[in-house]
Amino acid sequence: MSFTFASWNVNSIRQREKHVLDWLDRVKPDLLCLQELKCETHLFPASFAEAGYHPVVVGQKGYNGVAMLARTPVEVVHERLPGFANEAARYVEVRMASMTIGNLYLPNGNSGGTEGFATKLDFFAALAERAQTLRDEEADFLFTGDFNVCPTDEDFAPGALSPGDALLRPESRAGWHRLLWLGLTDALRALKPSGRHYTFFDYQNAAFQRNAGLRIDHALLSPKLAERLVLVTPDRDERAKDQPSDHIPLIVALA
DNA sequence: ATGCCTAGAAAGTCTAGA
């Protein structure tokens, strides 16, 4: 059974409500995973449910916040990442269409000094543990969201990041690679093994116009789901619109 | 020169994003 999902860091759901509604109407995914809601759960816009989507919202005041918008009712499994001792609203996991789907907003790691970076690595470690558990349960599962890591040097435009940035530090990349070693497939690179396929463009210095982007929004698929992979598209059209998020949707289709 | 955007919290101008 075919299944289309997307990940989109919207940088405030209230600022982007109309963008998301229009996008849902255009793409009609089975599931949209949102990050950086920047709003409390009870302030999440009602318009998505009115448009026929089942919302699962894990919000908080100010920063962070994740949500799922599903075309069918879902079972909520977790509203925090097991093993990640931090109250920030950065993970939500559901069961739908015979899959377990984790939607994550991984800490950036550039703020908060040594402790801030350690929190990022802690999230990666807990995510690997979660992957191991799901693998042991023989679940078909995927993780998608804003991983805040450029897996290789091909995943950021020259000059877009300074050398010591948390998005490309070896420890961050090791966290990413540990997930791959657990048998997960990087959906975009499975279908587009090389080339620039960015998902983020800074608001400053006309980064989008210069294609000075980063590939930091990802989808990781467990083996049987990877066999069903037919399409991965970073939706650049969204970044050209008025008042866009700095991230674009990453669309993935399974056969 | 982490700064030339953007958003949120909050009422100044920070912090965080990445």
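Computed from a predicted structure; not experimentally measured. Proteins come first, then strands; the chains are lettered A, B, ... in the order of their sequence lines, and each starts at number 1.
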TODO: Hey, which sits more toward the 5' end of DNA chain B by its nearest nucleotide, A:Cys39 or A:Leu214?
DONE: A:Cys39
Open item on the list: Need to verify one output field. Residue with the more 5' nearest nucleotide on DNA chain B, A:Gln243 or A:Asn64?
Closed with: A:Gln243
By nearest atom, which of the nucleotides [options] is closest to the [X] side chain?
X: A:Tyr203; options: B:dA18, B:dT2, B:dC5; result: B:dC5
X: A:Asp202; options: B:dA18, B:dA10, B:dA7; result: B:dA18
X: A:Arg14; options: B:dG8, B:dA16, B:dC4; result: B:dG8
X: A:Ser162; options: B:dG17, B:dC4, B:dT2; result: B:dT2

So, is [X] near the phosphate of [N], with a side-chain N or O under 4.0 Å from OP1 or OP2?
X: A:Gln15; N: B:dG8; answer: yes
X: A:Ser12; N: B:dG8; answer: yes
X: A:Arg90; N: B:dG17; answer: yes
X: A:His247; N: B:dA18; answer: yes
X: A:Arg16; N: B:dA7; answer: yes
X: A:Tyr63; N: B:dA18; answer: no
X: A:Asn11; N: B:dA18; answer: no

Which donor-acceptor pairs under 3.5 Å do side chains of residues 46-60 of chain A form with protein atoms, sequence neighbours excluded?
residue : atom : partner : partner atom : Å
A:Ser47 : OG   : A:Glu17 : OE2          : 2.5
A:His54 : ND1  : A:Ala70 : O            : 3.3
A:Gln60 : OE1  : A:Asn64 : ND2          : 3.3
A:Gln60 : OE1  : A:Ala89 : N            : 2.7

Work out how far the [atom1] atom of [N] is from that of [M], and round it to whole angstrom.
N: B:dC14; M: B:dC4; atom1: P; result: 12 Å
N: B:dA18; M: B:dG8; atom1: P; result: 14 Å
N: B:dG17; M: B:dA11; atom1: C1'; result: 22 Å
N: B:dA10; M: B:dA16; atom1: P; result: 14 Å

In whole angstrom, give the distance that lies between atom [atom1] of [X] and atom [atom2] of [N].
X: A:His19; N: B:dA7; atom1: NE2; atom2: P; answer: 9 Å
X: A:Tyr198; N: B:dA18; atom1: OH; atom2: C1'; answer: 14 Å
X: A:Asn108; N: B:dT15; atom1: CG; atom2: C1'; answer: 12 Å
X: A:Asp217; N: B:dG17; atom1: CG; atom2: C1'; answer: 13 Å
X: A:Glu36; N: B:dA9; atom1: CD; atom2: P; answer: 13 Å
X: A:Glu115; N: B:dA16; atom1: CD; atom2: P; answer: 12 Å

Counting any heavy atom closer than 4.0 Å, what does [X] reach on the DNA or RNA strands: base, sugar-phosphate only, or nothing?
X: A:Asp246; answer: nothing
X: A:Ile216; answer: sugar-phosphate
X: A:Phe208; answer: nothing

Task: Common cluster, A:Leu188/A:Ile216, ILVMFWY with side-chain heavy-atom separation under 4.5 Å - done: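 Cluster IDs for A:Leu188 and A:Ile216 differ.
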Task: Residue among A:Asn11, A:Thr144, A:Asn103, A:Asn9 satisfying side chain to side chain donor-acceptor pair (under 3.5 Å) with A:Gln35 - done: A:Asn103
Task: Between A:Asp155 and A:Thr152: side-chain donor-acceptor atoms closer than 3.5 Å - done: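 Yes, a side-chain donor-acceptor pair sits under 3.5 Å.
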- [ ] Salt-bridge test for A:Arg90 and A:Asp146: reply yes if a basic N is under 4.0 Å from a carboxylate O, no otherwise.
- [x]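 Salt bridge flag = no for A:Asp146 with A:Arg90.
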Open item on the list: What I want to find out is whether A:Asp165 reaches A:Arg169 closely enough, with some N-O distance under 4.0 Å, to be called a salt bridge.
Closed with: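 The answer is no: the pair does not qualify as a salt bridge.
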Open item on the list: Using the ring centroid of each side chain, check whether A:Tyr198 and A:Phe200 are separated by less than 6.0 Å.
Closed with: no
Task: Aromatic contact, A:Phe147 with A:Trp176 (centres under 6.0 Å) - done: yes
Task: Distance, nearest 0.5 Å, that separates CG of A:Asn148 from CG of A:Asn108 - done: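 It comes to 4.5 Å.
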Task: Interface with DNA chain B, restricted to residues 146-153 of chain A and to heavy atoms under 4.0 Å - done: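 Within this stretch, A:Asp146, A:Asn148 sit under 4.0 Å of the strand.
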